[in-house]
Each structure stands twice: as structure tokens, then as C-alpha cells.
Amino acid sequence: MSNTKGPDGECRLRSDAYSSRWQSMLNATTGMKPGDYLFIQFGINDTASACPQHLGRPRFQLMMTMMAQATLARGAHPILLTSVATITCSGGTATKNRAFVPQTFAAGTATETPVVDLETLSVSHYNSLRFCPNNGDYGSGPLGAFFCNDHTHFETYGAQRIARLVADDIRRKDLPLATYLR
């Protein structure tokens with residue numbers, strides 16, 4: 001990745017910027033096998049307007065679509081996830097705050113791939129736990145038990161709760177993977 005944007009507003013990517021990890025996932029010997037499930041989620045740190053964390057909306061959608069198509073071509077099952085929301089409050093209510101949600105859904109529609117709307121699920125969960133309003137202290141109390149010392153990353157307890165949201169949505173959608181969930 002570079003810190004230079006092209007005329008289209010996209011960061012200039014080297015051809016190998018993401019390919020080595022992705023190619024190892026696609027490797028027929030050691031990577032993805034028919035019947036495997038692949039959860040695809042990106043974008044939690046890509047809302048900054050400066051490279052290298054920035055990826056424009058068209059490129060994001062293209063990459064999500066390409067990854068879902070490559071997964072399907074190998075007989076595996078992609079599941080796309082929107083980014084989990086950070087804890088951002090408007091008065092006493094947690095609010096949605098993630099980019100790329102429409103692009104994730106568009107990639108899901110284009111490839112007939114299920115999408116877990118983790119942004120909506122996480123905001124609803126934060127509201128059920130009454131995380132708002134808060135004083136911004138992410139190091140103690142209920143927020144400290146859920147989040148690391150920020151408003152984005154999770155402690156073990158929070159990560160387990162977010163994983164449960166994903167599992168519950170898989171069950172609600174009645175995806176075949178649900179039979180393997182406890």
C-alpha cells in the first residue's frame with residue numbers, strides 16, 4: 001500500500017498488497033476446501049481518508065465481491081459481515097457509525113451470499129446493555145468489561161458477546177452452518 005491516492009480517490013495498491021495471505025487461503029492443498037465456511041469482514045479501520053487505511057467504496061465492494069466469488073468457485077460457503085460498530089452515543093442511544101455497510105450488502109446480493117449486519121446487531125446490543133450515555137471511561141465498569149481501553153476493540157467478554165450475535169444471526173437465517181453451532 002502507498003500513501004498516494006489516484007485521481008479516482010483510491011489508494012494506489014501494489015499488486016501484492018493483499019495477495020499472499022489470500023492466495024494461501026485459496027491454495028487447494030493447505031487452504032480452503034469444498035464445504036468450508038469463510039467469514040469475510042473488512043473495513044473497521046478503513047474509514048480514515050488518508051492512505052494506507054483508506055479504501056474507497058467502489059474498490060471495497062469489488063474486493064468483497066471478488067472474495068465471495070472466489071470462495072464460491074472453490075465449493076466453499078462465504079458469509080459476509082458488516083463491520084461491528086464502535087460505541088458512539090447520541091444522548092442515551094448508541095448509534096451506527098460504520099462505512100461500507102451498503103457495499104457489503106451489495107456484494108452479498110451480487111453473489112447471493114448471506115450478510116450478517118454486525119453493525120446493526122452490535123448497536124442494538126449496546127443499547128440493550130445501556131452503554132449510553134457514558135463518560136468515555138473504557139477502562140472500567142461495564143464498558144471496561146466489554147471493550148479494551150478504547151471504544152472499538154473487545155475484551156474477551158465483549159468478543160464472546162459479539163460472536164454470539166453472529167451465531168444467533170446464522171441461526172435466524174437458517175444457514176446450514178447453524179447445525180454445528182452450540
Side-chain angles (χ1 to χ4, degrees), residues 1-86 96-123 152-154 158-160 162-181:
M1 187 90 64
S2 77
N3 63 358
T4 305
K5 287 186 187 179
D8 58 358
E10 297 286 345
C11 290
R12 292 294 174 214
L13 299 174
R14 297 186 323 266
S15 62
D16 64 346
Y18 66 90
S19 65
S20 64
R21 285 186 180 172
W22 179 242
Q23 288 306 314
S24 68
M25 293 258 313
L26 299 177
N27 183 303
T29 306
T30 59
M32 194 180 327
K33 305 276 190 274
D36 284 353
Y37 283 84
L38 180 65
F39 290 84
I40 304 171
Q41 179 192 50
F42 292 98
I44 195 166
N45 292 321
D46 287 338
T47 55
S49 60
C51 299
Q53 291 184 325
H54 175 73
L55 185 64
R57 294 175 199 289
R59 179 107 172 126
F60 182 91
Q61 184 174 328
L62 178 70
M63 299 301 285
M64 292 289 275
T65 301
M66 179 274 307
M67 290 179 166
Q69 289 170 332
T71 302
L72 290 164
R74 281 157 181 78
H77 310 283
I79 298 175
L80 304 179
L81 294 93
T82 65
S83 291
V84 65
T86 61
K96 294 181 179 183
N97 51 34
R98 286 298 176 201
F100 306 120
V101 172
Q103 291 74 28
T104 302
F105 275 100
T109 299
T111 59
E112 297 181 358
T113 298
V115 177
V116 174
D117 186 357
L118 200 48
E119 181 192 46
T120 297
L121 294 171
S122 60
V123 165
T152 303
H153 302 94
F154 303 105
Q160 290 169 339
I162 295 298
R164 184 177 297 146
L165 295 176
V166 173
D168 289 347
D169 201 51
I170 288 168
R171 285 185 196 96
R172 250 187 316 279
K173 290 176 176 15
D174 199 27
L175 301 179
L177 178 62
T179 61
Y180 300 100
L181 300 175

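What you see below is based on every heavy atom in this structure, not just the backbone, and it leaves out hydrogens, waters and symmetry mates. Just so you know, these numbers come straight off a predicted model, no measurement behind them.
- Nearest heavy atoms, Ala107 versus Gln61: CB-O, 4.1 Å.
- Separating the CG atom in Asp174 from the OG1 atom in Thr179 is a distance of 9.5 Å, to the nearest 0.5 Å.
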> So Phe39 and Val116, side-chain contact (heavy atoms from CB on, under 4.5 Å) or not? Walk me through it.
Replying inline: CA-CA 10 Å; Phe39 290 84; Val116 174; 5.6 Å; no

>> Determine whether Leu177 and Ile79 satisfy the following criterion, side-chain contact (heavy atoms from CB on, under 4.5 Å), listing intermediate values before the conclusion.
In response: CA-CA 10 Å; Leu177 178 62; Ile79 298 175; 4.1 Å; yes

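- No donor-acceptor pair under 3.5 Å is formed between the side chain of Gln103 and the backbone N or O of Pro58.
- Within the 4.5 Å cutoff, the side chain of Thr113 has heavy atoms near those of the Leu72 side chain.
- Qualifying side-chain hydrogen bond (donor to acceptor under 3.5 Å, both in side chains) partners for Thr71, counting only residues two or more places apart in sequence or in other chains: none.
- For the side-chain hydrogen bond (donor to acceptor under 3.5 Å, both in side chains) test, no residue two or more places apart in sequence or in another chain qualifies with Thr109.
- Met67 contributes atom CE, which lies 12.5 Å from atom OG1 of Thr111 (distance to the nearest 0.5 angstrom).
- For the residue pair Ser122 and Ile162, the shortest heavy atom distance occurs at CB-CD1, 4.1 Å.
- Rounded to the nearest 0.5 Å, atoms CG (Leu80) and CG (Leu38) are 9.0 Å apart.
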>> Assess the residue pair Arg98 and Thr82 against the criterion (side-chain contact (heavy atoms from CB on, under 4.5 Å)); give the C-alpha distance rounded to whole Å, side-chain angles, the decisive distance to 0.1 Å, and a yes or no.
In response: CA-CA 8 Å; Arg98 286 298 176 201; Thr82 65; over 6 Å; no

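- Annotation: ring pair (Phe, Tyr, Trp, His ring centres under 6.0 Å) contacts of Tyr37 (sequence neighbours excluded): His77.
- Atom CD in Gln69 sits 8.5 Å away from atom CG in Leu62 (nearest 0.5 Å).
- Nearest approach of Gly31 to Asp36, heavy atoms of both residues: O-OD2, 4.2 Å.
- Shown here for Leu81 and Gln41, the closest heavy-atom pair between the two residues is O-CG, 3.5 Å.
- Checked against side-chain hydrogen bond (donor to acceptor under 3.5 Å, both in side chains), Thr65 has no partners two or more places apart in sequence or in another chain.
- Residues Ala68 and Pro78 share a closest heavy-atom pair of O-CG, 3.8 Å.
- The side-chain hydrogen bond (donor to acceptor under 3.5 Å, both in side chains) check on Asp168 picks up Arg171, with sequence neighbours excluded.
- In terms of the salt bridge (charged side-chain N to carboxylate O under 4.0 Å, His left out) criterion, residue partners of Lys173 (sequence neighbours excluded) are, by chain and number, Asp169.
- When all heavy atoms are compared, the tightest approach of Leu165 to Arg172 is O-NH2, 4.4 Å.
- Going from atom OG1 of Thr86 over to atom NZ of Lys96 covers 13.5 Å, rounded to the nearest 0.5 Å.
- With respect to Phe60, the ring pair (Phe, Tyr, Trp, His ring centres under 6.0 Å) criterion is satisfied by exactly one of Phe42, Phe105, Phe100: Phe100.
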